[in-house]
Amino acid sequence: MNLAVVLVSPKTPGNIGSAARAMLNMGAQDLRLVAPRCDHLDSQAVAMAVHAADLLRGARIYPTLREALADRDLSVGTSARIRADLPAPQHPAQARPLVRAAAAPALVFGPEETGLINSDLEQCQVTVRVPTGDYASLNLAQAVLLVCYEFLQGVEEQPERTRKTATREEMESMYGHLHEAMQLIGYTDAVRARHTLRLWRALLDRALMSSAESRLFRGLLRQVQWKVEDAATRGTTAPRRADPSAPQVGGPAADDLAQADLEQVEADQQPTGQQ
C-alpha cells in the first residue's frame, strides 16, 4: 500500500527517528514532515531510527499540511479528543477498509504537545483514535506503530480497487470554490462560513469523489457564479430571451470540457466490464 505518514510540526529529532523506525517495522516507506521544529537528520534522529536511517534521509519537508496532502486521495487524522463540529474519532480498524481501498492514503499525526488542531483535522476525511486505558497520551512513535499496524498488517483482505478518488488538492480547490460561491449568493457570511463549510466537507468527503466528479461539481459552481454576475449586469434574474439567430448563451458550464467531465462520470458509474 502506498501509505504516507505525515508528521505535523514534530518537536524532537528522537521522536522523528523513532517514528521512522515504527514505519519500517510496519512496511510504510513515505515519511513527510510539515514545518518541523528540529533537524530530522540530527544524530539523535538517526540513532533512534536504527535501520530506518535511509527512510529518514528520504523524508520530504513541506511548509503546510495542504501541500503535504496534495497528491493523496485520502487523509486520516489522529486525535484522542472529541472536537466540536468535527466527526468523532473512529477505531482504526473501522477505517481500515476505507484506507485499503484508497490508491494514495495519508496518515496524519500532530505535534507532540497538542496533537492536530481543528484546522488540520478539517483537511482529513476521517479521524481515528487508538483505544487506550484512562491515560490516553501516546508517544508519537507508539501512535505511528499502532495505527500503521492496523492499516498495513491487519488480517482483513484488501478489497478490490474499482475507482480512483480525487486528490486532496483537487478537493481543497473545490472547497475553496464552494466557499466563494456560498458568499456570492449569500448562503453564509464571514461569521458562519467556517462552520458551514465543515458541514459541507463532511458530506462531500463521504462521497469519495473522483477527479471528474470534483470537476463536474465545480462546473455547477461556475454556472451559479456566472448566473449571479449575469443577473447583476442585466438588473434582473429573469431568463434571457431565446434568440435563434444569436449564439446560445449558457455560461461557463455549457462547454465541451463540462460535457467531457459528465461523460467521464457516467462511464465511471458503469459496472466493471461494461464501460
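Keep in mind that what you see is a predicted model, and the values were worked out from it rather than measured.
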Ion pair check, [X] and [Y], cut-off under 4.0 Å:
X	Y	answer
Glu172	Arg201	yes
Asp205	Arg198	no
Arg72	Glu169	no
Asp30	Arg60	yes

Does [Y] offer a backbone N or O that forms a donor-acceptor pair with the side chain of [X] under 3.5 Å?
X	Y	answer
Gln125	Ser75	yes
Gln223	Leu220	no
Thr165	Ser211	no
Asn2	Ala104	no
Arg218	His177	no

Side chains of [X] and [Y]: does their closest heavy-atom pair fall under 4.5 Å?
X	Y	value
Arg57	His40	no
Leu121	Ser79	yes
Pro89	Val128	no
Leu107	Cys148	yes
Glu180	Gln225	yes
Pro131	His91	yes
Ile185	Val228	yes
Thr64	Glu67	yes

Drop me the distance from [X]'s [atom1] to [Y]'s [atom2], to the nearest 0.5 angstrom.
X	Y	atom1	atom2	result
Leu178	Thr188	CG	OG1	10.0 Å
Leu204	Ser214	CG	OG	10.5 Å
Leu3	Gln29	CG	CD	10.5 Å
Phe151	Met1	CZ	CE	8.0 Å
Leu140	Leu138	CG	CG	10.0 Å
Leu74	Leu98	CG	CG	5.0 Å

Pair Val8-Phe109, side-chain contact (heavy atoms from CB on, under 4.5 Å): steps then yes or no: CA-CA 6 Å; Val8 177; Phe109 297 87; over 6 Å; no
Over 12 foreign heavy atoms within 6.0 Å of CZ, Arg129: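 Correct, the count exceeds 12.
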Working for side-chain contact (heavy atoms from CB on, under 4.5 Å), residues Asp73 and Arg168: CA-CA 5 Å; Asp73 63 350; Arg168 292 314 300 163; over 6 Å; no
Polar side chain donor-acceptor pair, Asn15 to Ser18, under 3.5 angstrom: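 Not at all, the side chains of Asn15 and Ser18 share no donor-acceptor pair under 3.5 Å.
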Test item: side-chain donor near acceptor, Glu170 and Ser173, under 3.5 Å: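 Note: Glu170 and Ser173 side chains miss the donor-acceptor criterion.
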Working for side-chain contact (heavy atoms from CB on, under 4.5 Å), residues Asn118 and Leu86: CA-CA 8 Å; Asn118 284 4; Leu86 291 171; 3.8 Å; yes
Non-hydrogen atoms of Ala106 and Val6 that approach each other most closely: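 Where Ala106 meets Val6 most closely, the heavy atoms are CB-CG2, 4.3 Å.
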Trace of the salt bridge (charged side-chain N to carboxylate O under 4.0 Å, His left out) decision for Arg37 with Glu112: CA-CA 11 Å; Arg37 291 173 287 167; Glu112 293 93 326; 3.7 Å; yes
